[in-house]
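These notes concern the structure reproduced below.
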Amino acid sequence: MAQVTDRPPAPRPVRIHDTLRGGVVPLVPRVSPRVGMFVCGLTPYKPSHLGHGRTFVFFDVAARFLRQQGYRVFYLQNVTDLDDKTLAQAREERTSYFDVSERNFSEYVRDMERLGVRSVNLYARCTDYVPEILAQIQELVTKGLAYPGPTGDVYYEVGRFPAFGALSRQRMEEVRPGARVEVDPHKRAPEDFVIWKGGNPDEPAWPSPYGPGRPGWHIEDTAITVSVLGARYEIHGGGAELKFPHHEAEIALAEGATGLTPLAQIWMHAGLLNMRGEKMSKSLGNVVGLGETLREQPADRVRFFLLSGLYRSPLEFAGEESFAEAGRGLERLRVPYDRLRVLRADAENAGADHRRALGTSSQEASGRAVEAIRGALAEDFNVRQAVAEMFAWGREVNGLLQGGESFTAGDLDLLLEPFRFADESLGFLELSEQVAPSFAPPPEISALVDLALKARESARRRGDFGEADRIREELSSAGFRLEDTPQGPRWKRKEGR
RNA sequence: GCCGAGGUGGCAGAAUGGUUAAUGCGACGGACUGCAGAUCCGUUUCCUGGGGGUUCGAUUCCCUCCCUCGGCUCCA
């Protein structure tokens, strides 16, 4: 007899590309099904751009999918709310660093909400973790891995950590120190990096054994992750440009301080968004603002576009044309999905019949589609493959609906399942629903549209196509799109915001 | 210079040691329509950077060259 337990089913296997090991590896949580996931967040000294959107939309999909597969994910993102650039920006604006980073950060959070990013459990601000940062610095100094310099700075001594460079597969003798940034003469070695920045009287500072100062860049992440996720956790993600030196530094700091290894089981790196072949970045000045984009483009298109390539590869952004193309592709999925949903709502109103009248071949096809989507996402989050499966399922559904037969609520649920399953992770159909609901507007408006439709139908019956087209045109400019189908005329709201 | 990721059709972008190399966009044709749209069916025959090698078979594995992007202590 089957044992009844409260235990949830074991999470489904998922494989992920790990930069450190250089291949796709199975995710094996230390304490299954718990997964600690940290993603390097942004430095909100300026408004965020579309490239940020790509990275964070992707990691949202990753977290959602892992949860869907039965993992209990704690998704942590840091916020570098204080650094040199933030201070420079604050000086320029004649305001405080706090003002600058809070403003840009809250705008970022709003943009993420618009993009349907809803999987982050905690945004951790660097300045909220100064005691943890100082404790870690203390630990490193005590262990002889870090040393204070004459100006109140504290440095990490890279030479003491032999594995430095393993992640990016670089030999430290080969890197060119100072290739782009001046070398601080107080360091013992040029590759050493600052973990505590000695106080400049004009800058915000916290007291420390080394004098007043503020956290350096790399250490904030390790202090935050170690205190929130522990000394070892499952996934560490970020943009590809962070591999060296930032992620190398994090490994050196955390493993140096805790003595435990590996810091992260899997290192994930998201490919950059390119614009005319060049990466989009604040320092190159070729940025397309995220907030600005979301004011001009429906969010579902933006999300769909940002997911249109594999996360590890660079993605080409060609401006408005990219969104237009994404919109057309998305529409192809929305047509079958919306039709099913409308039919499902009608079935509910008519008293849901949950029996399945559909042939077994359709039932099996639905199950196969779900498994194909799961399989694609379970193999290093192959979003593109999953979307291809959605297109295939859409064609299947369109064909079925064209047949004109009627479906029970149970049938419709079955036909909806692949879309629902995919979108639980991918999340663009759910956004479409907000951008342009597939269901009728308030009844008084529906009644008016239906009235106009009747007038058009009688004009068509009279053969007065001029009048019929005029009505169609007017409805169109009022935001309703008309379609004649074998089952009679239909209308839906046009995409808007 | 060193390290990493890449180079696939008109465009975006997957996959694979093996029958016709996904999928979407675009284009073209057919069905449906008064027209349009949506949808369905079909077409888009010589598309895997160059050159070697391994193999019965390479786009996939190896070598080499060329090119692009990223990194070499600011960066999603």
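Below, chains carry the letters A, B, ... as their sequence lines are ordered, and counting in each starts from 1.
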Exercise. Does the ring centre of A/Phe305 sit less than 6.0 Å away from the ring centre of A/Phe317?
Worked result: yes
For this session: Take A/Glu321 and A/Ser168, find for each the nucleotide of RNA chain B with the closest heavy atom, and name the residue whose nucleotide sits nearer the 5' end.
Result: A/Ser168
Exercise. Are OP1 or OP2 of B/A14 and a side-chain N or O of A/Asn382 less than 4.0 angstrom apart?
Worked result: no
For this session: Identify which nucleotide among B/A76, B/C3, B/C40 has an atom closest to any side-chain atom of A/Phe56, counting heavy atoms from C-beta outward.
Result: B/A76
Problem set entry | Minimum-distance nucleotide to A/Arg395 side chain [options: B/C41, B/C35, B/G13] | B/C41
For this session: Figure out the NZ/C1' separation between A/Lys243 and B/C69, and round it to whole Å.
Result: 12 Å
Exercise. Roughly, in whole Å, what's the span from NE2 in A/His246 to C1' in B/G71?
Worked result: 14 Å
Exercise. Can you find a donor-acceptor pair, distance only, under 3.5 Å between A/Arg472 side chain and B/C35 base?
Worked result: yes
Exercise. When you measure from the side chain of A/Glu483, which nucleotide among B/A22, B/G37, B/U33 comes out closest?
Worked result: B/G37
Exercise. Among B/A14, B/C11, B/G34, which is the nearest nucleotide to the side chain of A/Gln385?
Worked result: B/A14
Problem set entry | From B/A12, B/U73, B/G34, nucleotide with atom closest to A/His218 side chain | B/U73
Exercise. Contact class for A/Phe193 (heavy atom, under 4.0 Å): base, sugar-phosphate, or nothing?
Worked result: base
Exercise. Rounding to a whole Å, what distance do you find between A/Gln402:CD and B/U33:C1'?
Worked result: 13 Å
For this session: Write down the distance separating the C1' atoms in B/C46 and B/A38, rounded off to the nearest Å.
Result: 35 Å
For this session: Could you tell me the separation between the CG atom of A/Leu377 and the C1' atom of B/A15, rounded to a whole number of Å?
Result: 15 Å
Exercise. On RNA chain B, nearest-nucleotide positions of A/Phe305 versus A/Arg339: which is more 5'?
Worked result: A/Phe305
Exercise. So, is A/Thr43 near the phosphate of B/A76, with a side-chain N or O under 4.0 Å from OP1 or OP2?
Worked result: yes
Exercise. Does A/Gln170 get its side chain close enough to the base of B/G71, under 3.5 Å, for a donor-acceptor pair?
Worked result: yes
Exercise. What interatomic distance, in whole Å, is found between P of B/A58 and the corresponding atom of B/U20?
Worked result: 14 Å
Exercise. Do you see a donor-acceptor pair shorter than 3.5 Å between the side chains of A/Ser101 and A/Asp81?
Worked result: no
Seminar exercise, completed: Ranking B/G6, B/G4, B/C35 by distance to the side chain of A/Arg312, first place goes to B/G6
For this session: Using the C1' atom as the reference point in each nucleotide, state the distance between B/G9 and B/U43 in Å, no decimals.
Result: 14 Å
Exercise. With both distances under 3.5 angstrom, what nucleotide forms a Watson-Crick or G-U wobble pair with B/C2?
Worked result: B/G71
Problem set entry | A/Arg332 vs B/C25: side-chain N/O to OP1/OP2 distance below 4.0 Å | yes
Exercise. What is the distance from CZ of A/Phe381 to C1' of B/A14, rounded to the nearest Å?
Worked result: 17 Å
Problem set entry | Aro-ring/base stack A/Phe244-B/G71, d under 5.5 Å, angle under 30° | no
Problem set entry | Residue pair A/Glu379, A/Arg384: steps toward the salt bridge (charged side-chain N to carboxylate O under 4.0 Å, His left out) verdict | CA-CA 12 Å; A/Glu379 186 66 16; A/Arg384 194 62 217 192; over 6 Å; no
Exercise. Just to confirm, is there a sub-4.0 Å distance from OP1 or OP2 of B/A14 to any side-chain nitrogen or oxygen of A/Ser313?
Worked result: yes
Problem set entry | Rounded distance in Å - NE2 (A/His17) to P (B/A15) | 12 Å
Problem set entry | Separation between the C1' atoms of B/G10 and B/U73, rounded to whole Å | 43 Å
Problem set entry | Distance in angstrom units between A/Leu482 CG and B/U33 C1', rounded | 14 Å
Problem set entry | Nearest-angstrom distance, P atom, B/G53 to B/U19 | 23 Å
Exercise. Has the side chain of A/Glu191 got a donor or acceptor atom sitting under 3.5 Å from an opposite partner on the base of B/U73?
Worked result: no
Exercise. With a 4.0 Å cut-off on heavy atoms, is A/Arg470 in touch with a base, just the backbone sugar-phosphate, or nothing at all?
Worked result: nothing
Exercise. Which of the following nucleotides, B/G24, B/C69, B/U73, is nearest to the side chain of A/Arg384?
Worked result: B/G24
Problem set entry | Minimum-distance nucleotide (side-chain atoms of A/Leu310 versus B/A12, B/A14, B/C40) | B/A14
Exercise. What is the ring orientation for A/His236 with A/Trp267, classed by angle as parallel under 30°, tilted 30 to 60°, or perpendicular over 60°?
Worked result: parallel
Exercise. A/Arg462 near the nucleic acid: base, sugar-phosphate alone, or nothing, with a heavy-atom cut-off under 4.0 Å?
Worked result: nothing
Exercise. Among side-chain atoms of A/Asn78 and A/Tyr129, is any donor-acceptor pair under 3.5 angstrom?
Worked result: no
Exercise. Got a donor-acceptor pair under 3.5 Å from the side chain of A/Glu316 to the base of B/G13?
Worked result: no
Exercise. Would the A/Tyr233 and A/Phe74 ring centres measure less than 6.0 Å apart?
Worked result: no
For this session: Determine: side-chain N/O of A/Arg328 to OP1/OP2 of B/G24, distance under 4.0 Å, yes or no.
Result: no
For this session: Just call it for A/Gly165: base, sugar-phosphate, or nothing, with non-hydrogen atoms closer than 4.0 Å on any strand.
Result: nothing
Exercise. Counting any heavy atom closer than 4.0 Å, what does A/Asp469 reach on the DNA or RNA strands: base, sugar-phosphate only, or nothing?
Worked result: base
Exercise. Do the side-chain N or O atoms of A/Asn398 get closer than 4.0 angstrom to the phosphate oxygens (OP1, OP2) of B/C40?
Worked result: yes
Exercise. With a 4.0 Å cut-off on heavy atoms, is A/Arg169 in touch with a base, just the backbone sugar-phosphate, or nothing at all?
Worked result: sugar-phosphate
Exercise. Distance between the P atoms of B/G24 and B/C66, in whole angstroms?
Worked result: 39 Å
Seminar exercise, completed: By the Watson-Crick or G-U definition, both distances under 3.5 Å, B/A14 is matched with none
For this session: Starting from P on B/U39, measure out to CD on A/Glu396 and report it in whole angstrom.
Result: 16 Å
For this session: Using the P atoms only, state how far B/U55 lies from B/U60, rounded to an integer number of Å.
Result: 16 Å
For this session: Tell me what A/Gly309 touches on the nucleic acid: a base, only sugar-phosphate, or nothing, going by heavy atoms under 4.0 Å.
Result: sugar-phosphate
Seminar exercise, completed: Under a 3.5 Å limit on both distances, the Watson-Crick or wobble mate of B/A36 is none
Exercise. Are A/His218 and A/His247 close enough that their ring centres sit under 6.0 Å apart?
Worked result: no
For this session: For B/A27, give its Watson-Crick or G-U wobble partner with both distances under 3.5 Å, or none.
Result: B/U43
Problem set entry | A/Arg214 vs A/Asp83, salt bridge (charged side-chain N to carboxylate O under 4.0 Å, His left out): CA-CA, chis, key distance, verdict | CA-CA 8 Å; A/Arg214 56 185 167 90; A/Asp83 79 333; over 6 Å; no
Exercise. Between A/Phe480 and A/Trp491, is the ring centre distance below 6.0 Å?
Worked result: yes
Problem set entry | Separation of the C1' atoms in B/G34 and B/U45, to the nearest angstrom | 37 Å
Problem set entry | Check: A/Tyr75 ring centre within less than 6.0 Å of A/Phe59 ring centre | no
